[in-house]
Every structure is written in structure tokens, then in C-alpha cells.
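Every chain is numbered from 1, with letters handed out A, B, ... down the list of sequences.
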Number of protein chains: 2
Amino acid sequence: MKKLSPAEENYLKAIYHLLEEGLEKVSTNEIASLIQTSAASVSDMLKKLAEKELIHYKKYQGVSLTELGDKTALHIIRRNRLWEVFLVEKLKFSWDEIDTIAEELEHVNAPLLVRRLDEYLGFPKFDPHGDPIPDEFGELSSKPRIALGDVPAGQSGKIVAVNNSSAAFLKYLDKVGVYIGAKVAVLDRIEFDGSLELLIDGQKKVFVSKEVSANIQVMLHPS
Amino acid sequence: MKKLSPAEENYLKAIYHLLEEGLEKVSTNEIASLIQTSAASVSDMLKKLAEKELIHYKKYQGVSLTELGDKTALHIIRRNRLWEVFLVEKLKFSWDEIDTIAEELEHVNAPLLVRRLDEYLGFPKFDPHGDPIPDEFGELSSKPRIALGDVPAGQSGKIVAVNNSSAAFLKYLDKVGVYIGAKVAVLDRIEFDGSLELLIDGQKKVFVSKEVSANIQVMLHPS
DNA sequence: ATTTAATTTTAGCCTAATCTAAAAAAAGTA
DNA sequence: TACTTTTTTTAGATTAGGCTAAAATTAAAT
């Protein structure tokens, strides 16, 4: 398999992330809006990716990843997340500064580099956002998770990931004291607007909107 | 100043390295042969670099770097050499494996990343080949050096750099026991072919050809 | 000083990745 | 069902970087 261009890698990654949302197929427009480009450009690229057998593609019918495409996307994501760990653990970046840098580093495709980096970081299983890091073979160590918005009042858990990693969202979380690894208890659910009253680390009480709570992933504590 | 493409950065770096050899101006063909491309491509690119005021260029007259071009080249070289230090010091690569990887990493242009990396590595002044690392402002801490081939018999010094970093050359040096930092004494110069008899670290005697000795830089010990 | 050789530039073409505008297909609606 | 709207694809350009072949310029050598 010939080495992919950064552009091709970005498309694959985008398709992978959209498929993660649960759907069977991804549309041209969804991809275009995720990577901020025109639908025409996406159409062109889909033809090339299909040519290389990275995606299943029939005109007008949306796309999904082939085995090869899936494996390839996971390798790209692996590189991205390992660099994110490096940036936070070693270079002391905060988790709202790393995304754009990691997006550049992820395209440096040198298998030995990735293996050595993984080893140097102590084979981390999750990145600073709490997302799992695929191993060399593209395997994810998945643990049961639930959106904070779906946690019943009275339950508590640990924050393990955020779905939305826009700088604005991450800054907001930082402000209200929510971070990966924090213990969180759902004190109350406000029926009126679906917002939640939370207790962070057993100390700080905050309110978060329904929208925010839907974008935070937790592992429930055995209750 | 708009961000440069990897291709533009490679041209600048090539021009910088060729100018290092002492000449006033660099020719199109020299650049073409260094970066393994056609003279026509070089001509095209020179026009673009001149447009951006990175080089002084008059048709058929060769090129040199402007102030801006020089500063820019030094930033690229800084990134390259910092990553080389990272690869050797932290990821335990050997110095004959790092060139191609560092050439990819050097194009990731994020000023904060470079500063943090520099700090993390302890503000190294030389890379694993012994070449100096420019600081944030493009300043080189230069020390007096001399080619091993120009060291008189009887003198000794420390190996601080190699000019030629082809894998073959580096492998050869490894084999004969020559490495950056090694103490080297010139025992004898063979008039017949200009080869040298060396004593490495006061223990190992080896012969090296004139060609090899011309490509090894040493700092003389005060004699 | 001319002619020959080497170097450098231009001209014209190619591929990758993007765009806008227009055409084609699918989906939604009266 | 037929019409309208949305989505997707195609057509035709553009830009960056590269190529080969031919023309222009400089350098070398009778």
C-alpha cells in the first residue's frame, strides 16, 4: 500500500469519526462540513479513496470504510493520540492547546517512530481527552461508557472523555472545573431544560446544560 | 509572512547548506543535485522564493539568501536538529537512523511546540551529529573546528561533527569505532594517498582514507 | 573570436487537491 | 403523481510542484 497524503488521511479520519456516531453510512455533505471543504472536493476524493479500496462507495449512496480503510484510520488516530499524550505529559501543554499541533504530527508516518514513541510514553491506553489509543494492530481497549446526560440523578462516575473538542468547549470545561479523570456526581436533573446539577470531586457544585452534558462521557462507579 | 510549504522549506535549507560550503552564490544545478530534482523545477521554485524575498536571484547568476531567507533557514534547521536530539536522547534511535524521520518532523511549524521541545531537551547546543542548534533568534553557538584531514600528525582533538551523513558513511564510522565525542589523535599521515592513522579514545588504532578524514570535523585539544 | 559545450530558463504538459457553477439524482411535499 | 428542494456529482478552472524537451545564456576551448 502506497503512503497516503495528509489530505487522504484527513478524509479517512473524518469518515471514521462520523461512523463512530453510530450510523451505517456517511454522506458527502457530512464529510464536507466536518473538514470544512466543498461537497465537490469530497466527491472527488471519495473516488480516489474507493480506487484505493479504503472505502465502500456507490455514487449518491454514501460511504463506509473497508477493512483496510478502518485499519488505516485507526493507525492515523493512534499517531494523533500518542502525540497528544506526548504534548501533555512531556511538553506540559494543556489539553485545550494540543489539537492543532497533534493534527500536524499525526501525518508523520514512520512506523518505528510510532512504536518508540508509544514505548517512551509507557504504552498509554487513553489520550488526554480520555479517548482510547489503538494498539499497533488497530485494537481499541474499550470500556463501558455513558454520556453524562444519561446518568440518573444520584449516580456518580468518572469523566473519561469529551465528544466535542472545540477550543471553546474545552475552555468552558476548564472554567467550570471539569477535567478528564474528575469524579462527578449527578445531584439533580432539572426537568424544565434538561440541565444537570453536578458535584465535581466531591467539592464543587456546578450546573451544566443538556447540550454540555451530552458531550461528556463518564464511566459509572459501581453503585 | 505566510507559512512556507515543506517544498519551499527544503529548498531554503538546501541553499543554506550549500552556502555553508563557503561559496558566495549557489547554482541551480547544485541545488538540483542536492535535492534530487530537475534544474527546471529549481528554476521555477527560485522565482517563487525570490518573489517572497527569501533569496537574491538574478537569472543565470545563481542565488544567495536574503536576511529573511537566512533567518528562515536557521529556524528550519533548528527544528530539524532539536527533533534529532529528541529521537536519539529520548527515543533511543541511533544517529544513523534519524535523518529521514527528522526531515519530516522539521516541517511541523508550531513555534510553541519548538520552544517547549527545546526546553524539554534541556536547551541542547548541538545535535547528535555534533552540528550546532540555532537558538530562537537564529543564533549559532559556533566553536572553532577543523577537518580531521587538516589536523597535523601528533595533534589530538575531539570529534564534533560529520559533514556527510549518508547512512553508508555513518555505518562505516560506527564500524571503525568513530563517534561524536570520541577523542582522536592523528598518529601518522601517509604521504602516498593522504590517509591517516588514528588513535580513537587512546585505545583503538585505525586507518581512514583521505576522503573520510575530510568529512569528519574535530575540535583540537589545546596542545 | 568563433564555435562548442554546459548551464539555466522557458514552454508546455501532468497530477493532486482545491474551487464555483451547472447538471443529475434523490428526497420531500402538495 | 408531479413539482420542488436538497444533495451529490460532473465540468471546467486554479494553484503548487513536478517533469521533459527546446530555447536562451554563459562558460570553455579551439
Side-chain angles (χ1 to χ4, degrees), chain A residues 1-15 18-19 21 23-65 69 72-73 76 103-104 106-107 109, chain B residues 1-15 18-19 21 23-65 69 72 76 103-104 106-109:
Chain A
M1 167 55 61
K2 231 190 109 249
K3 225 172 88 174
L4 301 180
S5 70
E8 291 169 319
E9 292 194 338
N10 285 336
Y11 275 95
L12 271 190
K13 200 175 49 144
I15 295 166
L18 288 168
L19 287 170
E21 309 297 320
L23 298 171
E24 188 66 22
K25 302 230 154 208
V26 181
S27 76
T28 298
N29 265 357
E30 285 170 327
I31 298 168
S33 96
L34 180 58
I35 67 181
Q36 291 292 295
T37 189
S38 70
S41 302
V42 175
S43 260
D44 281 351
M45 182 60 92
L46 294 182
K47 264 183 278 177
K48 288 180 215 159
L49 295 178
E51 193 65 39
K52 299 185 177 181
E53 310 199 51
L54 294 161
I55 60 173
H56 296 294
Y57 176 51
K58 277 215 214 68
K59 288 203 287 190
Y60 297 103
Q61 304 306 303
V63 294
S64 59
L65 294 169
T72 306
I76 299 160
E103 248 159 62
E104 292 203 50
E106 83 191 1
H107 299 300
N109 184 355
Chain B
M1 167 54 61
K2 228 188 113 250
K3 222 171 90 175
L4 300 180
S5 69
E8 291 170 318
E9 293 195 336
N10 285 336
Y11 275 94
L12 271 190
K13 200 175 48 142
I15 295 166
L18 289 168
L19 287 170
E21 308 297 319
L23 298 171
E24 189 63 22
K25 302 231 152 206
V26 181
S27 76
T28 300
N29 265 357
E30 286 169 327
I31 299 168
S33 98
L34 181 58
I35 67 180
Q36 291 292 296
T37 188
S38 70
S41 301
V42 175
S43 262
D44 282 350
M45 181 58 93
L46 293 183
K47 265 183 277 177
K48 287 180 213 159
L49 295 178
E51 193 66 41
K52 298 186 177 180
E53 309 198 54
L54 294 161
I55 60 174
H56 296 295
Y57 177 50
K58 277 216 212 69
K59 289 203 287 192
Y60 296 103
Q61 303 305 301
V63 294
S64 59
L65 292 170
T72 306
I76 298 160
E103 247 159 62
E104 291 203 51
E106 83 191 2
H107 299 300
V108 175
N109 185 354

For B:E103 and B:H107, which heavy atoms make the closest approach, and how far apart are they? O-CD2, 3.0 Å

Would you tell me if any nitrogen or oxygen in the side chain of B:S27 comes within less than 4.0 Å of OP1 or OP2 on C:dT7? no

Ignoring backbone atoms, establish whether A:S43 has a side-chain N or O less than 4.0 Å from OP1 or OP2 of D:dT8. no

Check each residue of residues 49-58 of chain B for a non-hydrogen atom within less than 4.0 Å of any atom in DNA chain D, then write out the ones that pass by number, or none. none

Rounding to an integer number of Å, can you tell me how far A:N10 CG sits from C:dT18 C1'? 14 Å

How far apart are the C-alpha atoms of A:I15 and A:L54, what are their side-chain angles, what is the distance that settles it, and do they pass the side-chain contact (heavy atoms from CB on, under 4.5 Å) test? CA-CA 11 Å; A:I15 295 166; A:L54 294 161; over 6 Å; no

Can you measure B:D44 atom CG to C:dA11 atom C1' for me and round it to whole angstrom units? 10 Å

Does a side-chain N or O of B:S5 approach OP1 or OP2 of D:dG17 to a distance below 4.0 Å, or not? yes

Between atom CG in A:L4 and atom C1' in C:dA17, what is the gap in whole Å? 15 Å

For the residue pair A:N10 and A:E106, what are the closest heavy atoms and their distance? OD1-OE2, 3.6 Å

From the list D:dG17, C:dT10, D:dC19, which nucleotide is the closest neighbour of the side chain of B:A7? D:dG17

Distances under 3.5 Å only, N/O to N/O: pair up the protein atoms with those of nucleotides 21-26 of chain D.
none

Can you name the nearest heavy-atom pair linking A:E24 to A:S64, along with the distance? O-CB, 3.8 Å

Nucleotide C:dT15, atom C1' - distance to CD of A:E8 in whole Å: 12 Å

So OH of A:Y11 and OG1 of A:T37: to nearest 0.5 Å the spacing works out to 4.5 Å

Can you tell which of A:I55, A:L65, A:V63 makes a side chain to side chain contact (heavy atoms under 4.5 Å, CB included) with A:L49? A:I55

N or O in side chain of A:K48 less than 4.0 angstrom from C:dT15 OP1/OP2: no

Can you name the closest pair of heavy atoms from A:N29 and A:A39 and give their distance? OD1-CB, 3.7 Å

D:dT8 P sits how many Å from A:E30 CD, rounded? 8 Å

Which whole-number value in Å describes the distance from A:L46 CG to C:dA16 C1'? 15 Å

B:N29, nearest nucleotide to its side chain (from C:dT7, C:dT18, D:dA16): C:dT7

Are any of A:T37's side-chain N or O atoms less than 4.0 Å away from OP1 or OP2 of C:dT18? no

Taking B:A50's backbone N and O only, do any of them form a donor-acceptor pair with B:E53's side chain (distance below 3.5 Å, no angle check)? no

Could you tell me whether A:T28 contacts a base, only the sugar-phosphate backbone, or nothing, with contacts defined as non-hydrogen atoms closer than 4.0 Å? sugar-phosphate

Just do the side-chain contact (heavy atoms from CB on, under 4.5 Å) check on A:N109 and A:L4 with the steps written out, would you? CA-CA 9 Å; A:N109 184 355; A:L4 301 180; over 6 Å; no

Would you say B:E30 and B:E21 make side-chain contact, with heavy atoms under 4.5 Å? no

Separation of D:dG18 C1' from B:M45 CE (nearest whole Å): 10 Å

Which whole-number value in Å describes the distance from A:K47 NZ to C:dT15 P? 15 Å

